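The structure appears below as structure tokens.
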Amino acid sequence: MNAYAPILVLGALGAGFAIFSVIMATLIGPKRYNRAKVEAYECGIEPTPTPAGGGRFPIKYYLTAMLFIVFDIEIVFLYPWAVSFDALGVFGLVEMLLFVLTVFVAYAYVWRRGGLEWD
């Protein structure tokens, strides 16, 4: 347990600082609310009213999210593979080539659907 004491102390200090910062910001921070400040921020786009049953989102939102997830997962798997590349040998190389091929299939799908074109 003594080996984990510095990690626990560091975690407690980090959590304490985060909680302290949030509490102090709410207590002593400015409280000047106006109409523009309480509206939802939509990347500079004025919010429009949505229909009663909800609105339809363009496919580019989903394609962008899918592209982010695909490349995020790729990095999560590529980094440990690169660290232990020597120990894996040819089997690891073939498996990673198959994995990268499946990632490129997802990339080609997003590219073909127009997810990389910004209007």
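Every value quoted in this text rests on a predicted model; they were computed, and no experiment measured them.
Among residues two or more places apart in sequence or in another chain, the side-chain contact (heavy atoms from CB on, under 4.5 Å) test is passed with Asn34 by Ala36, Lys37. Taking the ring pair (Phe, Tyr, Trp, His ring centres under 6.0 Å) definition, one finds that Tyr109 meets it with nothing, sequence neighbours left out. For the side-chain contact (heavy atoms from CB on, under 4.5 Å) test, residues two or more places apart in sequence or in another chain that qualify with Leu88 are Trp81, Ser84.
Val83 belongs to a hydrophobic cluster whose other members, connected by ILVMFWY side-chain contacts under 4.5 Å either directly or through intermediates, are Tyr79.
Atom CZ in Phe91 sits 11.0 Å away from atom CE in Met96 (nearest 0.5 Å).
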Show me the donor-acceptor pairs within less than 3.5 Å that the side chains of residues 97-106 make with the rest of the protein, sequence neighbours left out.
| unit_1 | atom_1 | unit_2 | atom_2 | d |
| --- | --- | --- | --- | --- |
| Thr102 | OG1 | Phe99 | O | 2.5 |

Please list, one pair per line, the donor and acceptor atoms closer than 3.5 Å that link side chains of residues 9-26 to other protein atoms, with sequence neighbours excluded.
| unit_1 | atom_1 | unit_2 | atom_2 | d |
| --- | --- | --- | --- | --- |
| Ser21 | OG | Phe17 | O | 2.9 |
| Thr26 | OG1 | Val22 | O | 3.3 |
| Thr26 | OG1 | Ile23 | O | 2.7 |

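Leu93 and Leu78 fall within a single hydrophobic cluster, where Ile, Leu, Val, Met, Phe, Trp and Tyr side chains are chained together by heavy-atom contacts under 4.5 Å. Hydrophobic clustering (ILVMFWY, side-chain heavy atoms < 4.5 Å, transitive): Val70 and Phe68 are in one cluster.
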